Enquirer: 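Pasting a structure below so you can have a look.
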Amino acid sequence: MAASHDLAAISAPLGAFFISLQSGRIVSEQPVEAACCFQRVICILIPQAARHRLASLSSCLDDEDLREIGRYRKRERQLGMAAARVALRASLCDLTGQRLPGDIALGKTETGKPVVVRPAGFHPSISHTERLDAVAVAEGIDLGLDVESADIASAKPMLAALLSQSEIHTLEKVEVDLSHDRFLKLWTVKEALAKLTGEGLGEAVSGCEVPRHDGAFPHADADGHRCVVFSARIADLTGGRERGRLALAIDARCRAGEDIVRLEFRLVHGMTLERRVV
């Protein structure tokens, strides 16, 4: 299998979590009854230093990919877009067992949400910062992914539009460093929920109360749409020094017998860091 199609050739495992879509919690051990019926969710992190290497494998991209990448003028953004699409195609090859990237076609909705046109039934989500790109994909489970750098400023207009009054009050009471980390967590969680629904940061999302603990937690919107949100500091996932946060919203409307998902995190090669296996 060509390197651009081989997930193991371009990335290393960081760790995996088994999550119950019913309870919205991390399962400490994989239940025996779920050994053969869990759904995989792959999430790949691409550090800035690895963009060039992964983008150099862009021969697997098609004309639609190249047109989308060409819409951006900044070279670094183009590299991030190309790297994310290479990683997405490699993930799809891994999930389907396909060897040829020509069997894969990507697109987007009218609102800009990425979609897998072929093969059918797969749901991707992509997020970019200046220093990190991230891709998540699963079969039969819709996703919403957001990553944010610690450099993002928590301006008051953003807070008013995004957070509930109780959340704003909590931020005002804690120390500056903790306040900013808490803001990043709230921001990424609500962006991830907005990407999952495709409806933007509406009242239902901005009013979502986010628990203090990291890991997985359940959420239900005003319409009763259930999902599970996984939230973490990026450095806690990589074992490195990357400052920022990640949140992934997973549709919890599971099919019969498919309550458990295996959330797999991988890091694209290209920078040296001490990998942490969870």
Side-chain angles (χ1 to χ4, degrees), residues 7-8 10-47 87-88 90-92 94-95 122-127 132-148 181 184-186 188-193 195-196 208 210-220 226-240 242 244-255 257-268 273-278:
L7 194 61
I10 66 170
S11 64
L14 291 172
F17 301 86
F18 288 93
I19 300 174
S20 167
L21 296 181
Q22 291 292 335
S23 69
R25 305 298 180 188
I26 293 174
V27 181
S28 58
E29 295 183 15
Q30 180 185 349
V32 174
E33 63 272 17
C36 298
C37 59
F38 61 80
Q39 290 283 85
R40 294 174 66 200
V41 179
I42 296 177
C43 185
I44 302 182
L45 306 180
I46 309 166
L88 176 54
S91 300
L92 288 166
D94 191 77
L95 288 170
F122 290 84
H123 299 273
S125 189
I126 300 174
S127 186
L132 183 75
D133 308 292
V135 175
V137 64
E139 181 179 8
I141 303 175
D142 206 359
L143 306 170
L145 173 67
D146 189 56
V147 291
E148 295 293 345
D181 182 71
L184 283 175
K185 179 176 182 176
L186 293 168
T188 53
V189 165
K190 297 190 180 190
E191 282 279 5
L193 289 170
K195 289 185 175 182
L196 173 65
C208 165
V210 179
R212 292 181 179 275
H213 66 80
D214 278 348
F217 65 90
H219 168 69
R226 295 178 56 255
C227 68
V228 175
V229 181
F230 181 90
S231 175
R233 295 182 183 91
I234 294 170
D236 289 343
L237 293 172
T238 64
E242 302 85 353
R245 274 196 166 268
L246 170 149
L248 177 65
I250 306 170
D251 193 335
R253 293 175 294 184
C254 54
R255 293 175 288 185
E258 295 179 345
D259 169 49
I260 304 297
V261 297
R262 174 184 161 96
L263 174 54
E264 306 171 16
F265 285 98
R266 302 186 67 90
L267 181 75
V268 171
L273 52 77
E274 179 183 354
R275 290 199 291 271
R276 172 189 175 195
V277 178
V278 180

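Excluded from the calculations below are hydrogen atoms, water molecules and symmetry mates; all remaining heavy atoms, backbone and side chain alike, are included. Owing to the predicted nature of the structure, the values given are computational and were not obtained by experimental measurement.
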Enquirer: What's the separation between atom CG in Leu95 and atom CD in Gln39, rounded to the nearest 0.5 Å?
Expert: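 So the CG of Leu95 and the CD of Gln39 are separated by 9.5 Å.
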Enquirer: Looking at CD1 of Ile260 and CD1 of Ile19, how far apart are the two atoms once the value is rounded to the nearest 0.5 Å?
Expert: 9.5 Å
Enquirer: Give me the one residue out of Asp142, Ile141, Leu145 that meets side chain to side chain contact (heavy atoms under 4.5 Å, CB included) with Ile250.
Expert: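 The single option meeting the side chain to side chain contact (heavy atoms under 4.5 Å, CB included) with Ile250 is Ile141.
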Enquirer: What distance do Leu248 atom CG and Leu193 atom CG have between them, rounded to the nearest 0.5 Å?
Expert: 10.0 Å
Enquirer: Heavy atoms only: give me the nearest Ala87-Ile44 pair and the separation to one decimal.
Expert: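 So the two residues come closest at O-CD1, 3.8 Å.
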Enquirer: Which atom names give the shortest non-hydrogen contact between Ala252 and Leu21, and what distance separates them?
Expert: CB-O, 3.7 Å
Enquirer: So do the side chains of His219 and Cys227 get within less than 4.5 Å of each other, counting heavy atoms only?
Expert: yes
Enquirer: Quick one: list whatever passes side-chain hydrogen bond (donor to acceptor under 3.5 Å, both in side chains) with Ser125, sequence neighbours left out.
Expert: none
Enquirer: Picking from Asp214, Asp236, Asp146, what satisfies salt bridge (Lys or Arg N to Asp or Glu O under 4.0 Å) with Arg245?
Expert: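 Of the listed options, the one satisfying the test is Asp214.
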Enquirer: Quick one: ring-ring contact (aromatic ring centres under 6.0 Å, His included) partners of Phe265, sequence neighbours excluded?
Expert: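 Applying ring-ring contact (aromatic ring centres under 6.0 Å, His included) to Phe265 gives Phe230.
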Enquirer: Of the non-hydrogen atoms in Glu148 and Thr188, which two are nearest, and what is the gap between them?
Expert: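 Shortest heavy-atom separation between Glu148 and Thr188 comes out as CG-CG2, 3.5 Å.
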Enquirer: Ala247 and Ala192: which non-hydrogen atoms are nearest, and at how many Å?
Expert: O-CB, 3.6 Å
Enquirer: For Ile42 and Leu7, run side-chain contact (heavy atoms from CB on, under 4.5 Å): C-alpha distance rounded to whole Å, both residues' side-chain angles, the deciding distance at 0.1 Å, then the answer.
Expert: CA-CA 10 Å; Ile42 296 177; Leu7 194 61; 4.0 Å; yes
Enquirer: Which distance, rounded to the nearest 0.5 Å, do you find between the CG of Leu45 and the OG of Ser11?
Expert: 10.0 Å
Enquirer: Got Ser231 and His213 here, is their nearest side-chain heavy-atom distance under 4.5 Å?
Expert: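 Of all side-chain heavy-atom pairs linking His213 with Ser231, none is under 4.5 Å.
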Enquirer: Report yes if some heavy atom in the side chain of Pro124 is under 4.5 Å from a heavy atom in the side chain of Leu143; otherwise report no.
Expert: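 Counting from C-beta outward, Pro124 and Leu143 never come under 4.5 Å.
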Enquirer: If I take atom CG from residue Leu237 and atom SG from residue Cys43, how far apart are they, to the nearest 0.5 angstrom?
Expert: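 It is 8.0 Å, given to the nearest 0.5 Å.
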Enquirer: Which atom names give the shortest non-hydrogen contact between Leu88 and Ile126, and what distance separates them?
Expert: CD2-CD1, 4.3 Å
Enquirer: Can a donor-acceptor pair be found, under 3.5 Å and without considering hydrogens, that links the side chain of Ser127 to the backbone of Val147?
Expert: yes
Enquirer: Who pairs with Arg40 by salt bridge (Lys or Arg N to Asp or Glu O under 4.0 Å), at least two apart in sequence or on another chain?
Expert: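 Scan of Arg40 (salt bridge (Lys or Arg N to Asp or Glu O under 4.0 Å), adjacent residues dropped) gives Asp94, Glu264.
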Enquirer: Look up atom CZ in Arg266 and atom OG1 in Thr238, then write down how far apart they are to the nearest 0.5 Å.
Expert: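 Nearest 0.5 Å value for the CZ-OG1 distance: 15.0 Å.
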